[in-house]
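Single-structure report; data block below.
Please read all numbers here as calculations on a predicted model, not as lab measurements.
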Amino acid sequence: MLRTTFLNQRQLTLVGIRGKFDLLSWRELVFAVAGGIALAGVGQLLGRTFHLAWPVPMSGSIAAALPRAFILLVILLRIDRFGALTVAGIAEVGTKMAAGFIGWWPMSLVVPVLAGVAGDLIWHYLRQLPSRRLSLILTGGSLCGARVLLALSFWTLLRLPVSGAGEHLTLTLGGIAVINVVLGMLAGLLVSKSITTVKSSK
């Protein structure tokens, strides 16, 4: 009897903690980690390859922006809890470290985690918009824009070398940021259309 009462109290405590902090379930954690692994693959295969062809800071983000935003939005729709993108960012960093995909450490190790935190904050506010499609479009653009701005901030603060941009460095970097935002918004539109298609088929 005492043991049953103790277990019940313990279960109620765990439920209370989960309800208060809105912890992710094991399935949600696995899904977020899988998304982070996919993000690492996208950054390596698409981003780094594009950067080799055009060695300008953040140029690789152009190739990775659309699939990266699509993956992040799918994670948000599947989990829809604060912390999902942060977990995905940590998983992305862990995958890069395990596979040896580490370049400039702020970009490879710090930016993904900070971008995940920023993404959770962005979704926390934009998910409340009355239009689901609009919230996805704005979130996609914001996710890509936030990541590029974080990377540019570290690049500026650490005064890392810049090559391949020519004389119009500011214009080039601004154009890269704008393209990222547009591609992120396009990803949001694609995800919202896929949701509409699934609902109509049902």
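Closest approach of Leu46 and Pro67 over heavy atoms only: CD1-CG, 3.7 Å. Contact detail for Asp120 and Arg81: the closest heavy-atom pair is OD1-O, 4.1 Å. Closest approach of Gly36 and Ala91 over heavy atoms only: CA-CB, 4.0 Å. Among all heavy-atom pairs drawn from Arg68 and Leu39, the shortest one is CG-CD2, 3.6 Å. When every heavy atom of Val111 is checked against every heavy atom of Ala151, the shortest pair comes out as CG2-CA, 4.0 Å. For the pair Ile79 and Ala32, the tightest heavy-atom approach, listed with the atom from each and the gap, is CD1-CB, 3.9 Å.
The main-chain N or O of Val56 is found under 3.5 Å from a side-chain atom of His51 such that the two form a donor-acceptor pair. With hydrogens and angles ignored, the 3.5 Å screen pairs a side-chain donor or acceptor of Thr156 with a backbone N or O of Leu152. Side chain of Gln44 to backbone of Gly41: no donor-acceptor contact under 3.5 angstrom is found.
The side-chain heavy atoms of Trp54 and Thr172, taken from C-beta on, include a pair separated by under 4.5 Å. For the pair Leu183 and Cys144, the minimum side-chain heavy-atom distance is 4.5 Å or more. In this structure the side chain of Val87 never reaches within 4.5 angstrom of the side chain of Phe31, judged on heavy atoms. Proximity of Leu85 to Leu143: side-chain heavy atoms (C-beta onward) are separated by under 4.5 Å at one or more points. Looking only at side-chain heavy atoms (C-beta outward), Leu136 and Trp123 come within less than 4.5 Å of each other. No side-chain heavy atom of Gln128 sits less than 4.5 Å from a side-chain heavy atom of Ser135. Taking the side chain as every heavy atom from C-beta outward, Pro57 and Leu173 approach each other to under 4.5 Å.
Note that the OG1 atom of Thr139 and the CE atom of Met185 stand 10.5 Å from one another [nearest 0.5 Å]. Here the straight-line distance linking atom CG of Leu66 with atom OG of Ser61 works out to 12.5 Å at 0.5 Å rounding. For the atom pair CZ (Phe154) and CG (Leu114), the distance works out to 5.0 Å, reported to the nearest 0.5 Å. In this structure, Met58 CE and Leu150 CG are separated by 10.5 Å, a value rounded to the nearest 0.5 Å. Glu92 CD to Ser108 OG: the interatomic distance, rounded to the nearest 0.5 Å, is 9.0 Å.
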*Please walk me through it: do Arg133 and Lys193 pass side chain to side chain contact (heavy atoms under 4.5 Å, CB included)?*
CA-CA 8 Å; Arg133 172 172 291 185; Lys193 284 188 174 182; 3.9 Å; yes
_Pair Ile122, Ser142 - check side chain to side chain contact (heavy atoms under 4.5 Å, CB included), show working._
CA-CA 7 Å; Ile122 290 169; Ser142 300; 3.7 Å; yes
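Under the 4.5 Å side-chain heavy-atom criterion for grouping Ile, Leu, Val, Met, Phe, Trp and Tyr, Phe70 is connected to Ile37 within one hydrophobic cluster. In the hydrophobic cluster analysis, where Ile, Leu, Val, Met, Phe, Trp and Tyr join through side-chain heavy atoms closer than 4.5 angstrom, Leu126 is grouped apart from Leu149. Cluster membership for Met97 and Ile90, using ILVMFWY side-chain heavy atoms within less than 4.5 angstrom, is shared. Linking Ile, Leu, Val, Met, Phe, Trp and Tyr whenever their side-chain heavy atoms come within less than 4.5 Å puts Leu190 and Leu77 in one cluster. If you chain together hydrophobic residues whose side chains sit under 4.5 Å apart, Ile176 and Val182 never meet in one group.
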